Engineer: 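Just dropping this structure here.
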Amino acid sequence: MSAIDRTARDMPPATPGVKRIAEPRADERPGSNYLNNGYGWKSWLLTKDHKRIGILYLISISLFFALGGIYAGFIRLELLTPQSDLLQPATYNKVFTQHGIIMVFLFLVPSIPATLGNFLIPLMIGAKDLAFPRINLLSWYLLIIGAVFALGAMMYGGVDTGWTFYTPFSSTYSNTYVTATGIGIFVAGFSSILTGLNFIVTIHTMRAPGMTWFRMPLFVWAHYATSLIMILGTPVLAITISLMAFERVTRVGIFDPALGGDPILFQHLFWFYSHPAVYIMLLPGMGIISEIISTFSRKNIFGYKFVAFSSIAIAVFGFLVWGHHMFTTGQSVYAGLVFSFISYAVAVPSAIKVFNWSATLFRGSISYDTPMLYALGFLGLFTLGGMTGVFLAAIGLDVHVHDTYFVVAHFHYIMVGGTLLAYLGGLHYWWPKMFGRMYPEGWGRFSALVVFVGFNLTFFPQFLLGYLGMPRRYAAYPVDIPAFQVLHILSTAGATILGAGLVIPLIYLIWSLIGGPKAAGDPWMATGLEWRTASPPPTENFHETPVVTWNAYEYAPQEDMEVIGKTSPDDKPDRSSYSGA
Amino acid sequence: MATRVEDSTLIPAVHDTHANHRVAHHDPHTEDASGHHPALQHHFDNLEQQRDATTLGMWTFLVTEIMFFGGLFMAYTVYRVFNPEAFEAASRVLEIKYGAINTAVLIASSLTMAMAVYFSQIGNRKLLVAFLGLTMILGTAFLGIKAIEYSHKFAHNTYPGAVPFEVDHHVVEEYEREKGRPFPDINRVQMFYVIYYGMTGIHALHMVIGIIALGFLTFYGYRGAYSPEYNSPVELTGLYWHFVDIVWIFLFPLLYLIGRH
């Protein structure tokens with residue numbers, strides 16, 4: 001009980017400078033933490049510590065992200081001119097396929113859950129580790145083995161099917177390394193399944209005394225919902241990819257209509273996983289936004305239970321909308337109507353989240369630190385991405401913009417504007433916890449703005465391109481429609497800015513590991529359990545098992561504190577000022 | 001039954017909430033020295049919490065397995081609806097006696113597995129090892145019968161990708177005599193066999209994994225690792241074994257019995 005400092009978290013930050021370079025608190029024992037507990041390669045590659053495994057994931061997915069980004073760069077460069085000049089069309093097909101496969105299966109799906117989720121969930125619920133530490137390590141190795149197959153296939157010549165592997169092209173006609181890539185995705189999928197399984201069991205059975213379901217941070221709720229999708233959806237992808245590879249190898253009809261198979265069945269099975277997979281990528285990001293917005297507004301989240309249950313609702317609805325990817329296939333029109341209607345329904349829990357975040361901001365004591373800038377960016381971009389998703393759920397409009405850049409822009413607003421911004425925001429927010437060092441705030445804010453501007457310049461023109469009829473996945477486009485090239489040039493220019501905006505954090509975050517000021521246990525004066533231990537945390541997370549007696553976001557509004565004159569860290573607010581909040 | 005023991009000693013007391021797990025806390029470095037069960041992993045507070053976690057983990061894993069087989073059941077359903085006649089004709093080609101014997105063998109192995117779990121709970125090491133061994137023997141018998149059945153099919157070129165794909169001509173003649181119409185398109189029949197080999201093959205793979213797990217249990221059980229306080233590995237392997245058994249209970253009628261009414 002003594003480990004929990006209830007007074008520190010009740011205090012608002014005095015001045016922006018003080019909270020960032022605060023001295024370690026008295027209860028933080030100096031010395032051993034998870035980072036300095038062993039230095040050999042074995043202590044990392046054979047570790048069972050969820051925090052170290054989180055760091056392993058962080059390093060590997062950063063590499064994958066950089067690789068996927070390089071492919072994106074080639075796509076944007078090729079599209080500067082209407083002719084297919086930088087890349088041959090066949091090469092271009094491989095380039096966008098590799099971009100998609102790397103970004104989806106090797107970056108977005110593991111990104112937030114496997115790094116931040118892995119690192120934070122045990123800390124947030126007061127556990128010593130995830131329920132199955134060895135399985136946790138295994139899941140990292142599975143991701144790496146999957147990546148070896150996928151990237152190995154890429155080095156031998158790559159795949160040109162698109163990340164969707166539509167049959168019969170993938171199973172019959174494509175003359176590229178489909179099977180090897182399929183094996184990679186199959187194996188990486190098991191990494192995802194095991195991570196989800198570990199989270200579910202941990203959240204059910206490892207919570208600290210007093211950590212009830214409705215005291216859990218919304219980050220944990222979001223990961224619970226994500227894990228449900230991981231365990232229910234991913235096995236179906238595994239069997240679908242296996243059947244596709246089986247048809248490819250044995251030439252027996254499963255999906256190829258020429259052999260008596262049904263290509264639509266492949267699409268049904270594929271999207272049964274791959275639509276919910278969108279929520280695997282997005283829900284953890286939403287969890288991060290809930291944390292950041294309440295911390296930097298100094299306010300309890302508005303409608304905690306609604307935000308928590310909307311995550312579950314999104315996970316459930318997410319399994320019932322896959323057919324909206326197939327409005328232009330031979331799918332039954334009546335099925336299409338039902339899928340269209342349920343897709344609209346997903347907007348409801350998503351909107352609940354956006355409204356509740358906005359209501360949390362209302363009358364909050366908002367500070368514009370880097371994580372908050374990313375969170376506010378998320379709020380705007382996710383709303384735009386989500387609203388265009390409602391367009392695409394409408395069958396008539398979808399038939400018009402199907403397979404155009406409108407769709408590309410839409411899902412990049414969700415995946416990059418949503419997930420990537422949330423991931424970067426979360427990375428900055430928990431960076432001091434993970435490494436015990438602060439990043440340079442000025443550079444952080446600057447790069448957040450650069451990313452926001454670059455992102456919008458990259459992808460907003462693509463909405464217009466798509467609406468004008470520019471199809472996706474083409475290396476060339478007509479010269480006689482000048483708008484096409486103008487918009488493509490804008491998009492490529494934006495991509496350059498976005499790329500620069502992503503290199504800046506890479507540099508200063510690595511620099512901060514050595515040069516950054518030491519971070520206190522709770523540099524943001526946040527309420528979560530992860531801030532009640534040292535930065536970086538000791539190997540066993542907490543020196544004493546915490547006992548939780550407060551709700552997730554019990555922030556005292558700054559005005560109240562100022563009224564009673566309690567603004568200095570040395571001047572502890574009394575109980576009445578806290579409970580009156 | 002060798003000994004009757006009060007129920008309360010068979011099953012560790014059900015605790016009320018997880019909140020109570022952690023009140024009594026020990027320094028992790030001294031846990032083993034301070035009389036903790038050797039099977040208790042360091043990140044759990046006590047054996048009950050560990051048992052809760054591993055049990056939920058196994059159930060969650062079985063859910064993923066259901067989804068995994070679910071994709072195949074989906075493919076089966078779609079193609080059977082598309083090709084009802086070919087599926088019924090293909091099903092007649094399978095030899096029902098092997099399927100039926102194997103069903104009996106598997107159900108018997110589920111019984112012996114349940115007995116093994118029981119004897120691990122009351123701490124009867126000898127019978128635990130005996131029933132684990134019996135379960136392994138039955139599991140291996142299942143695989144042996146399955147292998148014989150596969151080899152018969154391979155001998156008639158009845159496997160996907162065979163050149164040419166064929167089925168036993170006696171069955172074809174009998175079918176045509178009985179139904180008064182030609183045997184369905186052989187390519188559609190072949191699709192049935194894609195699903196047949198896919199499902200029974202993955203099922204057999206699960207059996208092999210189960211038998212290996214039983215081998216470890218037998219080894220550790222013989223050395224006395226399991227007791228009334230700690231027997232989750234036996235219980236969890238039991239859950240897995242019953243799951244694999246239930247999958248077969250679905251496969252048998254769907255694959256063997258649809259063409260025989």
Side-chain angles (χ1 to χ4, degrees), chain A residues 48 50 122 126-133 135 190 193-194 196-198 200-202 204-212 227 230-240 242-243 246-247 249-254 259-262 264-265 268-269 272-273 539-541 544-548, chain B residues 17-29 41-45 48-75 77-79 82-83 86 159-163 165 185 187-191 193-195 197-198 202:
Chain A
K48 285 183 276 174
H50 67 103
K128 295 195 197 92
D129 206 320
L130 287 174
F132 307 115
I135 289 181
F190 279 94
I193 292 173
L194 294 178
L197 187 151
N198 226 333
I200 286 180
V201 174
T202 306
H204 268 281
T205 62
M206 307 280 286
R207 283 171 286 123
M211 179 55 83
T212 59
S227 306
M230 283 172 162
I231 63 159
L232 293 175
T234 320
V236 179
L237 176 76
I239 199 72
T240 312
S242 311
L243 287 173
F246 187 79
E247 177 173 84
V249 172
T250 63
R251 306 296 318 120
V252 172
I254 303 172
L259 302 169
D262 180 10
I264 308 284
L265 178 65
H268 276 297
L269 290 172
F272 179 83
Y273 165 77
T539 301
E540 67 273 26
N541 290 349
E544 287 172 49
T545 301
V547 179
V548 183
Chain B
T17 60
H18 301 300
N20 291 344
H21 281 168
R22 292 167 172 267
V23 177
H25 180 81
H26 299 274
D27 185 353
H29 302 296
Q41 290 175 280
H42 81 280
H43 60 293
F44 292 113
D45 285 324
E48 279 128 67
Q49 191 193 21
Q50 179 171 326
R51 181 196 175 95
D52 272 0
T54 48
T55 308
L56 182 63
M58 180 50 84
W59 279 109
T60 312
F61 173 71
L62 295 183
V63 169
T64 71
E65 289 277 51
I66 289 172
M67 296 307 291
F68 188 74
F69 279 101
L72 283 169
F73 278 110
M74 183 73 210
T77 309
V78 169
Y79 291 128
F82 284 178
N83 314 300
Y159 60 92
V163 191
F165 176 84
D185 177 9
N187 283 323
R188 309 273 157 159
V189 172
Q190 185 173 214
M191 264 169 103
Y193 278 93
V194 173
I195 292 167
Y197 281 102
I202 292 175

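Order of the sequence lines sets the chain letters (A, B, ...), proteins ahead of strands, with each chain counted from 1. Everything numeric here is computed off the predicted structure, so don't read it as measured data.
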Engineer: Kindly indicate whether the side chain of A:Phe272, heavy atoms from C-beta on, has any atom under 4.5 Å from the side chain of B:Met74.
Structural biologist: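 No; the side chains remain at least 4.5 Å from each other.
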
Engineer: Quick one: closest heavy-atom pair of A:Lys128 and B:Phe44, and the distance?
Structural biologist: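 Heavy atoms only, the tightest pair is NZ-O, 4.3 Å.
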
Engineer: Contact part of A:Leu269 toward chain B, heavy-atom cut-off under 4.5 Å: side chain, backbone, both or neither?
Structural biologist: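 Side chain only.
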
Engineer: Atom OG1 in B:Thr77, atom CG in A:Leu265: separation rounded to 0.5 Å?
Structural biologist: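 Result: 9.5 Å between the selected atoms.
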
Engineer: What part of A:Leu232 lies closer than 4.5 angstrom to a heavy atom of chain B: side chain, backbone, both or neither?
Structural biologist: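 The answer is both parts of A:Leu232.
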
Engineer: Heavy-atom pairs under 4.5 Å with chain B: which of A:Gly196, A:Gly233, A:Gly261, A:Ser242 has the most?
Structural biologist: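 When all of A:Gly196, A:Gly233, A:Gly261, A:Ser242 are compared, A:Gly261 has the most.
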
Engineer: Counting only heavy atoms closer than 4.5 Å, note whether B:Ile66 contacts chain A via side chain, backbone, both or neither.
Structural biologist: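 For B:Ile66, neither part sits under 4.5 Å from chain A.
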
Engineer: Go through the atoms of B:Thr55 and report whether side chain, backbone, both or neither lie under 4.5 Å from a heavy atom of chain A.
Structural biologist: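 Looking at B:Thr55, nothing touches chain A.
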
Engineer: May I ask you to test the A:Pro235-B:Phe69 pair for a side-chain heavy-atom distance under 4.5 Å?
Structural biologist: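 A:Pro235 does not reach B:Phe69 side chain to side chain.
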
Engineer: Name the member of A:Ile254, A:Val236, A:Asp129, A:Ile200 that forms the most heavy-atom pairs with chain B at distances under 4.5 Å.
Structural biologist: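 Ranked by heavy-atom pairs under 4.5 Å with chain B, first place is A:Ile254.
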
Engineer: Can you tell which part of A:Leu130 gets under 4.5 Å to a heavy atom of chain B, answering side chain, backbone, both or neither?
Structural biologist: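 Just the backbone, heavy atoms under 4.5 Å.
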
Engineer: Considering all heavy atoms of both residues, which atom of B:Arg188 and which atom of A:Gly260 are nearest to each other, and what is their separation?
Structural biologist: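 Closest approach of B:Arg188 to A:Gly260: NH2-CA, 4.2 Å.
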
Engineer: Which heavy-atom pair separates B:Phe68 from A:Ala238 by the least distance, and what is that distance?
Structural biologist: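 Residues B:Phe68 and A:Ala238, closest heavy atoms: CE1-CB, 3.8 Å.
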
Engineer: At a heavy-atom separation under 4.5 Å, does B:Phe82 approach chain A through its side chain, its backbone, both, or neither?
Structural biologist: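 B:Phe82 touches chain A through side-chain heavy atoms alone.
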
Engineer: Please report the interatomic distance NZ(A:Lys48) to NE2(B:His42), rounded to the nearest 0.5 Å.
Structural biologist: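 So the NZ of A:Lys48 and the NE2 of B:His42 are separated by 7.5 Å.
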
Engineer: Determine the minimum heavy-atom distance between A:Ala131 and B:His43, stating which atoms define it.
Structural biologist: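 A:Ala131 and B:His43 have their closest heavy atoms at O-NE2, 2.8 Å.
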
Engineer: Decide yes or no on side chain to side chain contact (heavy atoms under 4.5 Å, CB included) for A:Val201 and B:Thr54, but give the supporting numbers first.
Structural biologist: CA-CA 8 Å; A:Val201 174; B:Thr54 48; over 6 Å; no

Engineer: Does the side chain of A:Thr234 reach to within under 4.5 Å of the side chain of B:Thr64, using non-hydrogen atoms?
Structural biologist: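 Heavy-atom side-chain distance check fails, nothing below 4.5 Å.
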
Engineer: What residue, out of A:Leu259, A:Thr250, A:Leu197, A:Leu237, has the most heavy-atom pairs lying under 4.5 Å from chain B?
Structural biologist: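 The residue among A:Leu259, A:Thr250, A:Leu197, A:Leu237 with the greatest pair count is A:Leu197.
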
Engineer: Apply side chain to side chain contact (heavy atoms under 4.5 Å, CB included) to the pair A:Ile231 and B:Phe61, showing each step before the final yes or no.
Structural biologist: CA-CA 8 Å; A:Ile231 63 159; B:Phe61 173 71; over 6 Å; no

Engineer: Any heavy-atom pair between the side chains of A:Val252 and B:Phe165 that's under 4.5 Å?
Structural biologist: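 Heavy-atom side-chain distance check fails, nothing below 4.5 Å.
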
Engineer: With only heavy atoms counted, which part of A:Ile193 is less than 4.5 Å from chain B, the side chain, the backbone, both or neither?
Structural biologist: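 Interface part for A:Ile193: side chain.
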
Engineer: Counting distance only, does the side-chain N/O of A:His204 pair as donor-acceptor with the main-chain N or O of B:Leu56 below 3.5 Å?
Structural biologist: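 Here the side-chain-to-backbone pair does not exist.
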
